[in-house]
Amino acid sequence: MKHEVKQPLRLENGTFMRGEVEVPIEIGNAEQIALLQKIERDMRIREKDAKAGKLEDAEYEYGIITCKKCGREYEIENKYAKLVEK
């Protein structure tokens with residue numbers, strides 16, 4: 001019997017994907033719920049850090065940049081980031 005390696009579930013453009021295969025949404029699916037909770041938790045941590053002036057990989061001293069991870073805009077001043085409220 002051949003054992004198949006199961007690729008991790010990920011969220012890509014609002015669609016659950018496993019490898020290159022789209023996975024249908026299932027109400028009550030524990031794996032999908034856990035993935036969404038992890039994404040939500042990570043977003044809250046990044047937002048909290050941004051409001052505190054922390055920014056990963058800050059390469060700029062001044063100006064406005066867009067975060068590659070979350071898509072939010074930050075104003076950089078003396079290597080400290082401040083979330084730009086819209």
A.B. asks: Applying side chain to side chain contact (heavy atoms under 4.5 Å, CB included), can you list everything that pairs with Ile33, at least two apart in sequence or on another chain?
C.D. replies: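 Counting only residues at least two positions away or on another chain, Ile33 forms a side chain to side chain contact (heavy atoms under 4.5 Å, CB included) with Gln37.
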
A.B. asks: Taking transitive links into account, so neighbours of neighbours count too, which hydrophobic residues share a cluster with Ile39 at under 4.5 Å side-chain distance?
C.D. replies: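 Leu9, Leu11, Phe16, Val23, Ile25, Leu35, Leu36, Met43, listed by chain and number.
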
A.B. asks: For the side chain of Glu12 and the backbone of Met17, is there at least one donor-acceptor N/O pair under 3.5 Å apart?
C.D. replies: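 Side chain of Glu12 to backbone of Met17, a donor-acceptor pair under 3.5 Å: no, none is there.
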
A.B. asks: Keeping Arg18 on the side-chain end and Gln7 on the backbone end, is there a donor-acceptor pair under 3.5 Å?
C.D. replies: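 It does hold such a pair.
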
A.B. asks: If you compare all heavy atoms of Arg10 against all heavy atoms of Glu20, which two are closest, and at what distance to 0.1 Å?
C.D. replies: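 Taking every non-hydrogen atom into account, NH2-OE2, 4.4 Å.
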
A.B. asks: Should Asp42 and Lys38 be marked as a salt bridge (charged side-chain N to carboxylate O under 4.0 Å, His left out) after you check the CA-CA gap, both sets of side-chain angles, and the distance that decides it?
C.D. replies: CA-CA 6 Å; Asp42 292 346; Lys38 181 188 180 310; 2.9 Å; yes

A.B. asks: To the nearest 0.5 Å, what is the distance between CZ (Arg44) and CG (Asp49)?
C.D. replies: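 Nearest 0.5 Å value for the CZ-CG distance: 13.0 Å.
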
A.B. asks: List the atom of Gln32, the atom of Glu26, and the distance in Å for their closest heavy-atom pair.
C.D. replies: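 Taking every non-hydrogen atom into account, OE1-N, 3.0 Å.
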
